[in-house]
Number of protein chains: 2
Amino acid sequence: MFQNTINELGELALGSRLKRLSDYIYREGKEFYQLNEINFEPRWFPVFYLLAKGGTLSVVEIADRIGVSHAAVSQTTKELVKYQLVVSLDHKTDKRKRELRLSDQGRELLMKMEPLWNDIAAALNNMIRQHTHHLMAAIQEVENAFDSYGFVDRVSKIKNERLQREVKIIDYKPEYDSYFKNLNIEWLEKYFHVEEYDKKVLNNPLEHIINKGGDILFAEFEGEIVGTCALLKYNDDDYELTKMAVTGKVQGKQVGKKLGLSIIERARQMKAKKLVLESNKILIPALTLYERLGFKYAYKDFSTSAYQRANVYMEMAL
Amino acid sequence: MFQNTINELGELALGSRLKRLSDYIYREGKEFYQLNEINFEPRWFPVFYLLAKGGTLSVVEIADRIGVSHAAVSQTTKELVKYQLVVSLDHKTDKRKRELRLSDQGRELLMKMEPLWNDIAAALNNMIRQHTHHLMAAIQEVENAFDSYGFVDRVSKIKNERLQREVKIIDYKPEYDSYFKNLNIEWLEKYFHVEEYDKKVLNNPLEHIINKGGDILFAEFEGEIVGTCALLKYNDDDYELTKMAVTGKVQGKQVGKKLGLSIIERARQMKAKKLVLESNKILIPALTLYERLGFKYAYKDFSTSAYQRANVYMEMAL
DNA sequence: ATAATTTATGTAAGTACTTACCTATATTTA
DNA sequence: TAAATATAGGTAAGTACTTACATAAATTAT
């Protein structure tokens, strides 16, 4: 009955599991009453019990005490009155209120049920007590926890913490110019050297890229700019992916991939038809990324290239 | 929200409490999806998750795996198909079956939801882990326990054990004559002595009580006769409560009270109008019981009494 | 090969709650 | 004292399941 893969989902299926267990207990409870020839619905229990112990109560008082909506109590008491287990009298002074209490018939039924309730409580208590994890105590703790700090708040907090840990792609702002320059110089100096054309672009990206109809994106992680990538406009159809740089400090965060996907998306938004790039054979990880992004190797006469280090040419149709 | 008197009911209100917690989680789950602008109902989760992981499944396969009825899965998948998150294809060979799997739209939604699911699982896990009683483990244990030995069986067993421990009132049978005699002689010899009239009645209760329109009841405890009480008929209206005797071996089981209540009930059934008894001032506990049962002290001329030991007379109207 | 049974699925109605909306009073505020 | 607000309670419809019953197709027994 309860042995199946929903259990593997753990906390995720907590709601479904609680419902399944609750439904089971209601069903079996009903069967137990029937077996003992008692005309009583398990759903009546909280209201009936409260009236048995608490004397006279109003609808809202009951609802507050058992932690359900007044509508639920209204419906339950309607049934209890119909089956003559509860009597409902108008409040003496407050005409909105009703005074609910057990009828003589209700008291009679109570006498018959009380020993059975003791049996139910004993059986469940026996079972729960034997286990290493106490269900009643666990429910109490979880209820208390949710009372002080709700489900949505808890999950939202975790989500926001995750987003903090995640790489965000953000738009170009002139104040990021120094990051654009330094991130690119970092890797250029590691593998090659900074060419004159690089210097020109890196020193004034606004003039050489943005104002020419291109764009620049940055990757932010934990409040710091950790990567960048630019889109250089050739003409309305053709753009170059260029100046992609990620600091060596972040590893395994897929920063390059996210920048690449974002810049391609940006190119599409700009109605680009074709995206090209130039690179170098020794930059194996970069070339692998370009392939994954959808770029294909193509031929080019590198004598016309803006970069001396270029010996690989790739393009992709958008 | 969760702080109220339902908690005091303990195991008895377990079903209601599980439902309340389950409802809360569904509501909050729904709110979290909405907050993240995701069109997804918490009730879809188990089916959707299974299809996300398990590829292609039929309605019954899903129902078995998540432990709900096939009807529930049928309804859920209908909705999922309606919202185009799942595609349903006829089985190639078995014309009864449907093959369900995520649609492209479903896969797309899955990508958006997976990180949120991780957040939910992490938040709940965080919360539960901090407590001394682990809710998930407790649920698992209770489910396992119910799987091997159902709720109704457990409670019925406890109930039967209680009934075994309880005093039962049973009707007269001639084979109980020796108990009737010995139980009465036991107490008569302790406080007084056995009178001639006692001997006559105790040696032949069938003739002197039953056949004269009276009755005798016995109390049984753990398979043994531990008490008795008789109803002697004077005339159609008047009866005497007599020969009440309880063995000293049973204490605190309310045997006398149960016998008394039963014999009064029996007298009512026989359309008696008045019940009388004779006793002795030194039998304080007995007199207290008679008062509790509703007998009132009255005057009598004891020179006409059948018993030498009688110096107290009581009666009650029925 | 036919009949009986089992399996796969769907639909309708029931259950134990909810939310949303309504009216009728009572209480507080201006 | 009138207007605004709060409280008490009801009804309708929704939710996430259930059971009961239905049909159609597949499998097993005779």
Side-chain angles (χ1 to χ4, degrees), chain A residues 1 6 13-31 33-34 40-48 57-64 66-82 88-100, chain B residues 1 6 13-31 33-34 40-48 57-64 66-82 88-100:
Chain A
M1 152 133 312
I6 204 179
L14 180 57
S16 301
R17 252 172 113 177
L18 290 170
K19 176 153 191 3
R20 196 174 62 171
L21 192 50
S22 160
D23 284 347
Y24 173 77
I25 291 172
Y26 274 107
R27 269 201 309 281
E28 295 276 303
K30 182 161 187 171
E31 195 184 322
Y33 285 126
Q34 280 171 348
F40 193 80
E41 298 290 331
R43 67 172 173 282
W44 296 343
F45 175 76
V47 172
F48 192 88
L57 293 167
S58 74
V59 171
V60 169
E61 277 163 1
I62 296 171
D64 286 347
I66 62 180
V68 298
S69 65
H70 79 270
V73 176
S74 179
Q75 288 159 18
T76 304
T77 52
K78 198 179 166 185
E79 272 191 88
L80 285 166
V81 168
K82 184 179 145 205
S88 165
L89 297 165
D90 290 340
H91 193 276
K92 291 136 251 171
T93 53
D94 192 333
K95 287 184 183 173
R96 297 166 307 176
K97 275 191 179 176
R98 286 164 54 190
E99 293 196 314
L100 298 162
Chain B
M1 151 132 314
I6 204 179
L14 180 57
S16 300
R17 250 172 115 176
L18 289 170
K19 177 154 189 6
R20 194 174 64 172
L21 191 51
S22 160
D23 284 348
Y24 173 77
I25 291 172
Y26 273 108
R27 270 201 308 282
E28 295 276 301
K30 183 160 186 170
E31 195 183 322
Y33 285 127
Q34 281 171 349
F40 193 79
E41 298 290 332
R43 67 172 173 283
W44 296 345
F45 174 75
V47 172
F48 192 88
L57 293 167
S58 75
V59 171
V60 169
E61 276 164 1
I62 296 171
D64 286 347
I66 63 181
V68 298
S69 66
H70 78 270
V73 176
S74 180
Q75 288 159 18
T76 305
T77 52
K78 198 178 165 185
E79 273 192 87
L80 284 167
V81 168
K82 184 179 145 203
S88 164
L89 297 166
D90 290 339
H91 193 276
K92 291 135 250 168
T93 53
D94 191 334
K95 287 185 182 171
R96 297 167 308 176
K97 275 192 178 175
R98 286 164 53 191
E99 292 196 312
L100 299 162

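Every chain is numbered from 1 and lettered A, B, ... according to where its sequence line falls, protein lines coming before strand lines. Remember, it's a predicted structure, so these values are computed and weren't measured experimentally.
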Query raised in the report: Can you list the residues that meet the side-chain contact (heavy atoms from CB on, under 4.5 Å) rule with A/Asp90, with sequence neighbours excluded?
Result: none
Requested in this report: Can you tell me the distance, in whole Å, between the CD1 atom of A/Ile25 and the P atom of D/dC17?
Outcome: 16 Å
Report task. Figure out the CD/P separation between A/Glu31 and C/dT15, and round it to whole Å. Result -> 16 Å
Report summary line: salt bridge (Lys or Arg N to Asp or Glu O under 4.0 Å) filter on B/Lys97, not counting sequence neighbours, yields none
Requested in this report: When you get a sec, tell me which of C/dC17, C/dT9, D/dC17 is the closest nucleotide to the side chain of B/Lys19?
Outcome: C/dC17
**Report entry** Nucleotide C/dC17, atom P - distance to CG of A/Leu18 in whole Å
**Finding:** 15 Å
Query raised in the report: With a 4.0 Å cut-off on heavy atoms, is B/Ser58 in touch with a base, just the backbone sugar-phosphate, or nothing at all?
Result: sugar-phosphate
Query raised in the report: If only side-chain N and O atoms of A/Tyr24 are considered, is one of them under 4.0 Å from the OP1 or OP2 phosphate oxygen of D/dT18?
Result: no
**Report entry** Side chain proximity check, B/Leu18 to A/Leu18, heavy atoms < 4.5 angstrom
**Finding:** yes
Report summary line: Picking from D/dG9, C/dT11, C/dT18, the nucleotide nearest the side-chain atoms of B/Ala71 would be C/dT11
Query raised in the report: Within the structure, does a side-chain N or O atom of B/Arg27 lie under 4.0 Å from either OP1 or OP2 of C/dT18?
Result: no
Query - B/His70 or A/Asp23, whichever maps to the more 5' nucleotide of DNA chain D - result: A/Asp23
Query - Any pair counted as side chain to side chain donor-acceptor pair (under 3.5 Å), so long as it reaches residues 69-78 of chain B, sequence neighbours left out - result: none
Query raised in the report: How long is the line joining NZ of B/Lys97 and P of D/dA25, in whole Å?
Result: 16 Å
Query raised in the report: Starting at the 5' end of DNA chain C, which residue's closest nucleotide do you reach first, A/Lys30 or A/Ser69?
Result: A/Lys30
Query raised in the report: Hey, does B/Leu14 have a side-chain heavy atom less than 4.5 Å from the side chain of A/Leu21?
Result: no
Requested in this report: State whether A/Asp23 and A/Arg27 are salt-bridged, where the test is any N-O pair (Lys NZ or Arg NE/NH1/NH2 against Asp/Glu carboxylate O) under 4.0 Å.
Outcome: no
Scan nucleotides 25-29 of chain C against the protein and return all N/O pairs shorter than 3.5 Å with their distances rounded to 0.1 Å.
unit_1, atom_1, unit_2, atom_2, d
C/dT25, O2, A/Arg96, NH1, 3.4
C/dA26, OP1, A/Thr93, O, 3.2
C/dA26, OP1, A/Lys95, N, 2.9

Requested in this report: Taking A/Ser22 for its side chain and B/Gly15 for its backbone only, find out whether a donor-acceptor pair lies under 3.5 Å.
Outcome: yes
Requested in this report: Please state how far atom NE2 in B/His91 lies from atom P in C/dT7, giving the value in whole angstrom units.
Outcome: 16 Å
Query raised in the report: Which residues, if any, of residues 72-81 of chain B bring a heavy atom under 4.0 Å of DNA chain C?
Result: B/Ser74, B/Gln75, B/Lys78
Query raised in the report: When rounded to the nearest 0.5 angstrom, what is the spacing between CG in A/Leu80 and CD in A/Glu41?
Result: 10.0 Å
Query raised in the report: In whole angstrom, what separates B/Tyr26's OH from D/dG14's P?
Result: 19 Å
Query raised in the report: How is B/Ser16 classified with respect to the nucleic acid when contacts are heavy atoms under 4.0 Å: base, sugar-phosphate, or nothing?
Result: sugar-phosphate
Query raised in the report: D/dG9 P sits how many Å from A/Asp64 CG, rounded?
Result: 10 Å
Query raised in the report: Listed by chain and number, what are the salt bridge (Lys or Arg N to Asp or Glu O under 4.0 Å) partners of B/Glu31, not counting sequence neighbours?
Result: none
Query - Separation of C/dT9 P from B/Leu89 CG (nearest whole Å) - result: 13 Å
Query raised in the report: What is the distance from atom CZ of B/Arg20 to atom CD1 of A/Ile66, rounded to the nearest 0.5 Å?
Result: 9.0 Å
